[in-house]
Each structure stands twice: as structure tokens, then as C-alpha cells.
Asker: 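Once you've had a glance at the structure underneath, I'll fire off some questions.
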Amino acid sequence: MSLRVLAVDDSLTMREMLRITLTEAGFNVILAEDGVDALTQLPGLDPDLILTDLNMPRMDGFGLIDAVRKGDIYARVPILILTTESAATLKERARNAGATGWITKPFDEVSLVSTIRRVAAM
Amino acid sequence: MAGSSDLKEIFFVEADELLSALEEGLRAIQTGVQESDTVNAVFRAVHSIKGGAGAFNLKALVGFAHRFETVLDELRSGRLAPEPPLLNALLHASDHLADMVSACRQGLETNAEADERIIMALEAQAGGTGSSADEGFTFEPLPMDGNFGFSFGALPPAGRSVAVHFRPHASAFASGHDPSLLLRDLCGLGEATVEMDMAHLPAAGAFDPGQSYLSWKITLVTQCADRDIRQIFEFIETSCDLLLEDQGDVAGNAPDPVATAPKPAPSLAMPASAPAAGAAVTRPTAPDTRTTVSAPPSAAPTPSTATLTQQATGAATSASSGPRATIRVDIDRVDRLVDILGELVIHQAMLTEAIEQSPGFGSVEVDRSLDQLRQLSRQIQESVMAIRAQPVKPLFDRMHRIVREASMAAGKSCRLVTEGEATEVDKTIIERLADPLTHMIRNSVDHGIEKAERREAAGKPVEGVIRMSAAHRSGRIVLTIQDDGAGIDREKVRQVAIDKGLIAPNAELSPQEIDALLFLPGFSTASQVSSLSGRGVGMDVVRSEITGLGGRVGISSVRGQGTTLTISLPLTLAVLDGMVFEAAGQTLVLPVSTIIETLRPDAAMRHNIGHSDSVLDVRGRCLPLIDVGTALGFRTHLGPGEGEIVVVVERGDDGATALMVDGIRDQRQVVIKGLEANYGQIPGIAAATVLGDGSVALILDPSDLAASVAASVRSPLQLAAE
Amino acid sequence: MRSSGYATDPDIRELVAFRTAGQDFCIDILSVREIRGWSRPALLPHAPSYVQGVINLRGAVVPILDLARRLGLDSIEDTDRNVIIVAAIQSRIVGLLVEAVTDILGVPAAGVQPTPDLASETARNMLRGVVVQDSRLIRLLDVGQLLPQTDDVAA
């Protein structure tokens with residue numbers, strides 16, 4: 001069975017890009033527009049990995065990680081951050097919140113896919 | 001990558017939306033809005049543009065957006081106050097960002113000099129938070145297609161030997177980490193031997209899957225520095241014990257153990273750029289307690305609680321991309337639908353006509369079916385039109401910038417206030433309105449609003465206000481542009497028209513007629529000397545663009561209080577409800593939306609004025625009376641029994657006109673067919689249509705007809721037509 | 001209609017020959033879309049006298065020009081035997097009302113001769129040259145000149 005990846009980004013361009021890249025890589029991709037949307041879709045979704053942007057309306061990436069980690073289900077799902085940010089303080093914050101890894105945008109397809117495979121290992 | 005150009009188009013469409021949000025947010029802040037949501041949205045807009053631009057390797061855009069975003073971050077954090085000079089600089093930068101996006105969309109280079117000047121001005125305004133040398137800016141866009149900068153499989157040959165001692169804490173599993181994956185990554189750095197220590201593993205009964213009992217020692221022969229090794233553990237290092245022990249190079253130098261405590265990660269660390277796992281990993285053989293990484297211990301299994309039903313729901317959810325169910329459709333497909341719909345309406349009319357002439361006519365069943373067919377086709381039509389309809393908001397939003405730039409250039413202070421932005425109009429109409437609206441707005445700033453001194457002298461606030469509104473009114477959309485300026489100087493307009501030979505020096509004109517002179521080709525007052533309106537177009541071009549859309553434009557003005565321009569447009573360019581009538585042997589159509597009433601007047605209601613004009617007294621209101629056949633040049637006088645029916649229609653300027661016709665056939669939907677493509681515009685005629693028998697009938701534009709009759713009879717406007 | 005064997009020879013131009021107001025004319029077959037029978041057009045207000053009106057051609061509204069009038073000749077009588085040559089002129093579709101289509105000619109480039117001086121000024125402006133065929137003088141029309149030059153009647 002293919003890996004289920006929940007990709008969260010408020011930019012339509014990014015979502016489309018992720019949908020195409022990850023679908024071509026054989027993943028089952030579920031898209032969400034922001035943290036709230038992701039949490040709404042999460043019950044029953046059983047994702048193998050969550051890929052999330054940081055800066056989003058309504059609920060940002062930190063909020064999402066926090067909510068997932070404190071939740072009853074999927075609390076241990078790997079969460080990768082995909083962002084243009086690369087500041088050490090933000091990484092620190094993400095790590096403390098419980099992020100599994102960090103990918104800097106713009107991503108290249110091959111390393112994005114291999115990172116996801118590595119982290120979400122089948 | 002596949003579909004890269006489609007993606008790029010998605011990016012540009014999204015960028016347009018973001019740019020509107022950016023500008024709107026900045027304007028809100030300008031009016032005193034201080035909610036953090038607004039500032040955040042503004043920041044996010046620039047941030048998202050930067051992100052998308054990076055994906056397409058649009059370097060200039062990325063650089064500009066990054067520096068822009070840095071200033072916005074200062075604003076967001078409250079380190080900068082939203083003072084007017086800063087906001088102006090931000091708006092200027094936002095305008096420029098829009099220009100850059102538009103240049104990139106056309107595949108053009110941006111103007112590097114202007115890019116730099118504008119962002120520097122913003123940074124100067126922000127008080128030197130400038131970030132051109134921002135050390136945190138390590139943005140290196142990688143193109144989405146083409147070759148990647150690094151190669152796999154060519155790992156360095158054996159070098160030094162490092163012992164890595166790794167013990168994850170229980171908290172590591174809570175962050176989604178799986179030690180086996182880290183070990184696999186580590187193996188990617190060189191030749192690794194992995195030993196697992198299971199000494200702390202409790203008896204089966206005491207086993208707690210949430211706890212961590214295992215630790216590993218990995219002996220790695222690698223050329224990588226400690227930093228590269230630590231990078232792998234970057235996200236777990238606060239949740240584990242990690243010890244690196246240098247065992248010297250493989251040749252056998254004296255060991256030099258370096259035990260460093262975990263430190264904050266170096267800022268450049270990015271797991272994604274580490275060599276991928278599985279590439280040329282040297283697998284150790286596994287004797288005794290040694291184990292290969294491919295058999296990971298299940299110290300903290302991922303909860304797998306999903307039932308089959310949950311899986312099914314998940315699969316269903318995966319089809320949607322969010323809460324809003326929208327699809328993007330190529331506009332050509334919608335237009336094709338509109339064309340087919342037009343044919344449907346014509347054939348429905350043909351069918352109705354054929355049935356009415358057949359012997360079976362009058363059957364209740366046929367009648368009912370025809371009626372349903374009519375209703376269904378109307379419903380399809382409304383649905384299709386709804387697909388093409390869009391709110392005027394993006395169009396209105398663009399006008400804020402026009403006002404900003406025009407007032408800056410003219411040295412005036414103006415504000416644009418918009419109303420009815422949610423009003424929906426056909427997409428094509430919106431697109432074709434941009435140019436005329438831009439020109440009208442510029443005109444209001446240039447010629448409508450006075451200079452500050454004059455406004456003060458007149459007791460008005462220094463800041464001029466231009467109000468733009470949109471609303472639906474009796475089946476049409478009405479746009480108004482109203483300024484609180486000085487109003488039209490009719491004496492001056494009159495003089496200009498005389499000087500340019502547009503009217504005779506002794507012509508007697510009503511105030512409305514003088515105002516209408518502004519729409520004459522060749523008329524323009526100060527626009528030649530102004531850098532703004534002087535783009536070689538006058539209000540005549542505005543008018544012809546509006547009439548080309550089946551619309552009309554009117555002007556009214558009160559001296560000292562301002563000028564109002566009114567545009568009235570059809571809701572759609574495809575179909576209209578028409579009244580089919582006869583005049584001078586021709587079948588013609590009037591838009592039902594313009595008809596006030598139909599009557600058969602007696603002679604007493606009619607009064608002659610002069611020798612050619614006549615008026616009709618309708619309940620005390622005197623309306624100009626026009627014979628349609630004569631006005632169109634189809635006849636010179638009325639024969640017996642002709643022109644006995646009068647249709648009262650409204651004009652754009654709130655007046656009404658009485659049109660004489662020979663007979664009324666019926667009322668039905670007609671498909672609008674343009675005359676411009678194969679012929680040209682005709683005064684008094686809006687378009688043509690095809691009737692049920694396949695013949696063509698012209699659709700009248702009553703306002704334009706009345707105006708052209710008035711022009712040819714007594715107004716000086718006819719001079720301009722020559 | 002285009003089945004003529006001349007088509008393979010690049011030097012041969014195919015021309016549609018027709019008759020109106022007692023004279024022979026032809027136009028390049030490449031600008032002809034179709035030939036159809038006459039139907040009564042809807043009158044256009046304020047149109048030049050040679051514009052008969054507009055007809056419906058499969059959903060498109062197409063103006064009909066009385067070619068004889070356009071050339072300054074006597075207007076032909078409206079009869080059901082007249083035909084309309086539907087032609088594409090620049091980006092527009094127009095119908096040319098003529099008495100009858102007579103022939104399809106294959107003419108080598110050298111077969112088109114300059115317009116002799118005998119034609120009237122109006123007509124000469126609209127001719128590309130003449131073709132002599134079986135002792136008939138056939139005038140080759142310059143279709144680009146047939147449209148009104150300023151077709152947008154001033155508003």
C-alpha cells in the first residue's frame with residue numbers, strides 16, 4: 001500500500017506542486033489549506049506522514065504540530081516542516097514542538113521524496 | 001517537471017490574489033486597522049509569493065519579496081509602527097511587486113535598478129532594518145526541472161573512523177522519530193557497523209512500548225565531519241544521548257576521543273540536503289548481538305489503530321483538497337457552452353414556431369412540454385451565466401493603485417472609496433471594463449479633484465474623495481464614479497468646443513449637452529498637458545469601449561460639488577429578454593429591460609413642437625416621440641396604420657422616450673449576435689439576433705437611438721460625426 | 001468545387017467567375033467560403049447604398065454587399081435566382097450578391113493582365129487586373145477594397 005502523506009500549505013501553488021510531485025512518487029496525497037483544515041481532515045485519515053508549512057492563516061505549522069502531538073490518535077506520526085524559513089530559532093522551536101524534520105523550500109523533488117520515504121519508512 | 005507551465009500559471013493566478021490581499025491589507029492598516037490578523041495576512045502574502053517564486057527560480061522576485069518580507073516582519077512584531085511614510089513606502093513596494101510579477105508572467109526581466117531603488121526606499125523608511133546583507137538569507141532556489149546539483153552513490157572512500165553512541169529518550173518517539181531510520185541515514189555517510197545494546201530491555205511482562213530501552217553504537221568509517229553526522233540527529237538531539245568518539249583514521253592513528261555535548265544545531269542544517277538513504281549503503285554482516293539496520297527494533301511501534309472503515313473514510317477525504325469544493329475550468333469550455341446554449345435558444349424558437357403552424361397546435365401536452373423546455377433552457381442559461389459571473393472586487397481593487405499613482409503625479413491628495421464590490425458581472429465585461437474605468441478614474445483625479453489650495457479656499461477637506469460603486473438595477477449593472485471636485489466648468493468646455501470647431505460659436509446648448517461634449521472625439525481639455533490622462537485617449541474612447549459592451553455612459557455635474565459618471569451595462573453578453581416588433585416592414589427587437597410601458601395613444605396626446613419634433617403627453621409627462629422606422633432611415637413618413645403603437649422606454653439619463661412602432665409580435669429570449677465582427681457599429685443598434693425562422697433581426701439600443709435622433713435633428717453633435 | 005486538376009500546379013490560380021450587371025468578374029477561390037442562394041436580408045440603418053443588409057449564416061450575422069452597386073454599376077434586381085458568394089475578406093465574412101456564378105477558371109499567373117483604362121474610376125480601384133478567356137474579358141476583383149474603408153459609422 002502506498003504511503004499516505006497529508007500535505008498542509010496555504011499556497012495553492014505549493015499544494016499543486018506537492019500533489020503532483022508526491023503523487024508521481026507513488027504516494028497517496030491528501031491536501032489541506034492550513035492547520036485547521038488539516039485537523040478537520042485528520043480523524044480517520046491515518047497518515048504515514050504530515051508535511052506542513054509553518055506560516056499559514058487560522059492555525060500555523062507550530063499550532064498543528066502541537067495539536068497533533070497532544071491528540072489521542074496519530075500523536076506519533078512523523079511531521080516534516082516544509083518552509084522557506086531557515087532561522088535556527090525557528091528550527092529550535094519546531095523541534096521543541098515535536099517536529100520530526102525540516103525541509104527548506106524551494107525543495108527539489110528527489111530529495112523531498114527520499115526524505116519522506118526515509119522518515120515515513122514503509 | 002511535467003505540468004510545470006500549468007503550475008506556473010497557477011502560481012501567477014495565486015500571486016494576483018495574494019497581491020490583492022497585500023494591497024487591501026496595507027490599505028486597511030492605513031485606515032487604522034491594527035488587528036494582528038491583517039498584518040499577518042499582509043506578511044503571508046509576500047511570503048507566499050516568495051515561496052512560489054523560489055520554486056520557479058524567479059530570482060529577482062525572490063530577492064525583492066524577501067527584503068519586503070523582512071520589513072513586514074518588523075511591522076508584524078511591533079518593532080516598527082505603521083506611520084504614514086512607512087505605509088506609503090510599503091504600498092509603493094506592493095505596487096512594484098505587482099509589476100515584477102506581471103513582468104515575470106510575460107517572461108520579461110524586471111528592472112533591476114528600479115527593484116533596488118524601491119526596496120531601498122522601503123528599507124530606509126523602515127529605519128535601516130535593511131536586510132540586503134541578512135546573514136539568515138540562505139535562499140538558494142533550485143529549479144524545479146533540470147539536473148540536480150548533487151549526485152548520489154559517489155560516496156567518499158574510507159577515511160577516519162568515528163564511534164557514534166546513540167541512545168534515544170522516550171520523548172523521541174513522541175516526535176515521530178524512528179531510530180532505525182536515523183541509523184540508516186548514518187550508514188549513508190560511509191561504511192557502518194551497528195551494534196545494538198539490549199541490556200536494558202526488561203522482561204516481557206514489564207515492557208512498556210512508550211519507553212525506550214535500547215541504545216546503539218555505530219562505528220562509522222567516513223570522510224564526513226562531526227557536523228555532518230550531527231546533522232542527521234538534528235531533530236532528535238534534545239531527545240537523545242549522542243556521543244561522537246573519534247577513533248582516528250582507518251590507518252590506525254591514536255584515538256582522540258572527543259565527547260561533545262549536544263549543542264544547538266548549526267543554522268545551515270537541512271536533512272533534505274543530506275545524501276539520500278539507500279544510496280550505496282554498505283551493509284555490515286550481523287554476527288551475535290550485531291544487527292543490520294534493515295531489521296529495526298520495535299521499541300516504539302507507531303500506533304496502528306485505524307480500522308478498515310477509517311481507511312475508507314480516509315480514502316474518500318483524500319479526493320478533496322480542502323473545505324471549499326471548487327474546480328478550475330478552462331474559460332474556453334464555458335464559452336463553448338455559451339455558444340451551444342445560444343444555438344439551443346434559437347432552435348427552441350424555431351421549434352415553437354414550427355409547432356404553432358402545424359395542425360397539432362393547441363394540444364395541452366405539446367403546450368406543456370414547450371413550456372417546460374423554455375423553463376429548462378432558461379435555467380441552463382442562468383446557471384451558465386453564473387459560472388461566468390465574477391465579483392467586481394478585483395477590478396475595483398486595481399483602481400486604488402490608479403488613484404494613488406495619479407494623485408501622486410498630480411500633486412493632489414485623493415482617496416478612493418468603493419461600494420458594492422460583491423456585485424457580480426460577466427467575466428468578459430469585467431475584463432473589458434478595466435481600461436475605460438482606469439481612464440475615468442485618472443480623469444477624476446486629473447480634472448475632477450482640485451488642488452489642495454483650491455479645496456481649502458472652497459471650504460472642503462484637503463483630501464479629495466472619489467466614490468466608485470457597483471449595483472444591479474433592473475437587469476443591468478450600474479457603475480458610478482463620483483468625485484467631490486469642482487464640477488464641470490461648462491463655460492470653459494463650451495469655449496474649447498468652439499475653438500476646436502466642434503460646435504458653432506452661436507450654438508445654444510443645455511447644460512447636459514455641454515457635459516456630453518466631453519465624449520466627443522477630439523475633445524479634451526487639459527489632458528494633453530497632463531502626464532496622466534494624456535495617453536492619447538479621451539472620453540470618446542471610453543464611451544466607444546462601453547458601447548462596445550452594450551453599455552451606455554452618462555455624465556452629470558454640479559458646479560463646486562463634483563462630477564458623476566454613470567455606466568450602465570448588460571449582465572451578460574449572450575442572451576437577453578427581447579420584445580419582437582415590426583417597423584417599416586422590418587422585424588426588430590427591444591430589450592425588455594428598457595421598456596416602461598406599451599400603449600396605443602390617441603391623437604390628443606400628441607403635440608408638435610416646431611415642424612419636425614413631437615412629444616407625447618403620458619399622464620402629464622411630455623416625452624419625445626420618435627418613429628423607429630424613420631429614425632433608422634427605413635421610411636421618411638408614416639403611412640396609414642403605421643406607428644400607432646407606442647413603446648415607452650427609459651434612457652440612460654433617467655429620462656424616457658416614446659417609440660412609435662407598427663406592431664408587436666411577442667416577447668422572448670434572443671441570442672445576442674455582435675455586428676462588429678463582420679460589419680461595424682451602427683448608431684441606435686446594440687446588436688443583432690437570429691429569429692425562429694432563421695432570419696436576422698436587429699436589437700435596438702433605445703438610449704443610443706434617442707441620442708442619435710436628437711443629434712441629427714438639433715444638436716451640434718452631428719458636426720463631430722462628419 | 002475545388003476538385004479541379006489545376007490545384008497541383010502552383011503557378012495556376014483558381015478563380016471563381018461570376019456575372020453581375022451584365023459584366024464578368026472573378027475572385028480568387030481561396031477567399032470564397034461558400035456559394036448560396038439569396039435570402040431576404042434584414043435592413044441596416046444608415047448603411048451605404050450597396051449594403052443590402054445582413055443575413056444569418058449558420059449563427060453568424062453576415063452583411064450582404066450588392067457587388068454591382070459597390071462597383072458603381074446598376075443595381076441588380078432582387079430575385080430568387082441571384083446567388084451570394086460568401087467570402088472571407090481580411091478577418092471578416094461578407095456575402096457578395098451577384099447574378100450568377102458562371103465558371104471556375106484555372107489561370108496561370110501570366111494570364112492576369114493589367115486593368116485597361118476603359119473601366120470607371122470606382123471600378124478600377126477595386127480591380128487587380130483582367131483575364132481574357134474565350135474572348136470574354138473577366139475582371140479580377142481586389143476583395144480587400146470592397147469593404148467600406150471607414151466602416152465604423154461615426155457615433
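Computed from a predicted structure; not experimentally measured. Each chain gets a letter, A, B and so on, in the order the sequences are listed, and its residues count up from 1.
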Asker: Measuring heavy-atom distances to chain A, does B:Phe12 have an atom under 4.5 Å in its side chain, in its backbone, in both, or in neither?
Answerer: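 Contact with chain A involves no heavy atom of B:Phe12 at all.
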
Asker: Just verifying a value: how many Å separate A:Met14 CE and B:Leu7 CG, rounded to the nearest 0.5 Å?
Answerer: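 Interatomic distance, A:Met14 CE to B:Leu7 CG, rounded to 0.5 Å: 9.5 Å.
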
Asker: Counting heavy atoms not belonging to B:Glu35, are there more than 12 under 6.0 Å from its CD?
Answerer: no

Asker: Which bit of A:Asp10 comes within less than 4.5 Å of chain B, counting heavy atoms only: side chain, backbone, both or neither?
Answerer: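 Both backbone and side chain.
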
Asker: Output the distance between atom OG1 (A:Thr13) and atom CD (B:Glu14), rounded to the nearest 0.5 Å.
Answerer: 3.5 Å

Asker: Would you say the side chain of B:Phe11 lies within less than 4.5 Å of the side chain of A:Leu12, judging by non-hydrogen atoms?
Answerer: no

Asker: If you measure from CZ on B:Arg44 to CG on A:Asp53, what distance do you get to the nearest 0.5 Å?
Answerer: 9.5 Å

Asker: Should B:Asn40 and A:Pro57 count as side-chain neighbours, where that means a heavy-atom distance under 4.5 Å?
Answerer: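 No, their side chains stay 4.5 Å or more apart.
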
Asker: OG/A:Ser11 to CG/B:Leu18 distance, rounded to the nearest 0.5 angstrom?
Answerer: 7.0 Å

